[in-house]
2 protein chains.
Amino acid sequence: MPESRPRIVPEATVARLAVYLRVLAGLADGGRSHVSSGELASAAGVNPAGLRKDLSYLGPCGVRGVGYSVAGLRDRLTDALGGERSRACVLVGIGRLGSALADYSGFASRGFQFVGLLDTDPATVGHQVGGLTVRPVAELEGLVAETQATIGVITTPADVAQSVCDRLVAAGVRSILNFAPVALSVPAGVDVRKVDLSVELQVLAFLDQQRDGVPPVLAPVRATAQGGVR
Amino acid sequence: MPESRPRIVPEATVARLAVYLRVLAGLADGGRSHVSSGELASAAGVNPAGLRKDLSYLGPCGVRGVGYSVAGLRDRLTDALGGERSRACVLVGIGRLGSALADYSGFASRGFQFVGLLDTDPATVGHQVGGLTVRPVAELEGLVAETQATIGVITTPADVAQSVCDRLVAAGVRSILNFAPVALSVPAGVDVRKVDLSVELQVLAFLDQQRDGVPPVLAPVRATAQGGVR
DNA sequence: AACCGCTTGTGAACGCCTGAACAAAGTCGC
DNA sequence: GCGACTTTGTTCAGGCGTTCACAAGCGGTT
């Protein structure tokens, strides 16, 4: 079967597919049976043509003249994004942010299950967070091996993030979500995604200043009834 | 002074500038006086040439043959990203994530100060979080007017995020950081940045599956000593 | 004072992603 | 059963961002 299409899906598209999936889940709960690309794009905040292009990476998913089957497309997206099977995640660094993530219901409902919470602080170890007991970080390797966790989430201070990352990778974790404000270096074959909260705010501050600083040039553009999203 | 600001800075560059700034702050604390673009790029996890191009948007910042002055570049970046002045932020939705953000020291240290925490839940209102008392969301308009807050952070459930957003915009907030899993629609002149935590995990899950599912095609790329970050 | 090495700044090519226009295809109404 | 309308899937051009490569400029040295 030479037609095993190893079609390459751009990472930006993958991120949007996840958004579409969430919108579709909501529509399915609402009892809708079909959606058009226009409506779905509007709900997801993207361009309709772009949405169709994104979906085309998965092959034909819709019916021309009708739209997309809500349940059908949801299942196809679920499958494309890693299936229904729940994925075991390890969370290192149970500070305020870590605790919030451990409790976050949005993870569990999408198949991501925390199987271990780790911290170095003896005052934190032993506490119950989100139904799990915080364990000392020394148990990291054993925990990963035992639970076959494939995803590691790092919410430690910046200065220990790299060493935690190294231990996770050595233990077999190949996907890492990093909240610590450092660039992690990992061997090839390991994926890292970084979320930097203060950078987000700083970008907003920059845009804010840019708006205030260049009004003689940009201000003439009045808020017309253009209702543009984004 | 006709030399205002004709140069337009790409948003991706702005986000990286914020990262450089953090690295520089660390180097300054360490007592370093100069850095090269290569070292800075390595610490930030980007390409050296790209870093130089990013900095070139601010005009010449370095000295050829020597590098960049740590303190000088830090001050210039601080200025470009909105100055030293602290910015007032309002946080709506004091759940677990909201509480974690209200306490997050990374915000305060970068000049972002929460001046109001709002929630609808009577059980939450009145609680003390991060040195502030949670107030009922009915006080939103008054609070924004009184504190001149320019940044709003939304950590509410998805179904009320749009209405909270509308009220923030109507009250004068022009920059919004959205953690709720919905696409907010705002009038022109308002900037929104979205952080979607479960999308991040789902992208990792996809990459994970792709690795396992298509090794016959992609595996030949062996882990060379390329030490590539990212 | 002149040379040499090092580092910045910039110009150009490459690739990726986005946004719009067009053809294929299927359904609904008559 | 046929025609017209609707909506998808695809193709094309445009813009943006990234990367490579080279010239310009500065400091240190002889």
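Every chain is numbered from 1 and lettered A, B, ... according to where its sequence line falls, protein lines coming before strand lines.
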Along nucleotides 18-27 of chain C, 5' to 3', which nucleotides get a B, which get an S, and which get a -, given that the test is a protein heavy-atom distance under 4.0 Å? BSB---BBSS

In whole Å, I'd like the distance from the [atom1] atom of [X] to the [atom2] atom of [N].
{"X": "H34(A)", "N": "dT6(D)", "atom1": "NE2", "atom2": "P", "answer": "18 Å"}
{"X": "Y20(B)", "N": "dT8(C)", "atom1": "OH", "atom2": "P", "answer": "13 Å"}
{"X": "L73(B)", "N": "dT7(C)", "atom1": "CG", "atom2": "P", "answer": "16 Å"}
{"X": "E11(A)", "N": "dG17(D)", "atom1": "CD", "atom2": "C1'", "answer": "15 Å"}
{"X": "Y68(A)", "N": "dT6(D)", "atom1": "OH", "atom2": "C1'", "answer": "13 Å"}
{"X": "L51(A)", "N": "dG9(D)", "atom1": "CG", "atom2": "C1'", "answer": "12 Å"}
{"X": "L17(A)", "N": "dC17(C)", "atom1": "CG", "atom2": "P", "answer": "13 Å"}

Do L168(A) and I154(A) make a side-chain contact, defined as non-hydrogen atoms from C-beta onward lying under 4.5 Å apart?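 L168(A) reaches I154(A) side chain to side chain.
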
Counting only heavy atoms not in R167(B), do more than 12 sit closer than 6.0 Å to its CZ atom?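 Enclosed.
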
Apply side chain to side chain contact (heavy atoms under 4.5 Å, CB included) to residues L184(A) and D166(A) and explain how you reach the verdict. CA-CA 9 Å; L184(A) 295 178; D166(A) 292 343; over 6 Å; no

Measuring from atom CG of L207(B) to atom CG of D191(A), what distance do you get when rounded to the nearest 0.5 angstrom?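 So the CG of L207(B) and the CG of D191(A) are separated by 4.5 Å.
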
Which value, rounded to the nearest 0.5 Å, describes the distance between L21(B) atom CG and L73(B) atom CG?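 Answer for the CG-CG pair, L21(B) versus L73(B), is 8.5 Å.
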
Salt bridge or not for R76(A) and D79(A), using N-O below 4.0 Å?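 No, no charged N to carboxylate O under 4.0 Å.
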
Are OP1 or OP2 of dT7(D) and a side-chain N or O of S37(A) less than 4.0 angstrom apart?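 It does not, given that no N or O in the side chain of S37(A) lies less than 4.0 Å from OP1 or OP2 of dT7(D).
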
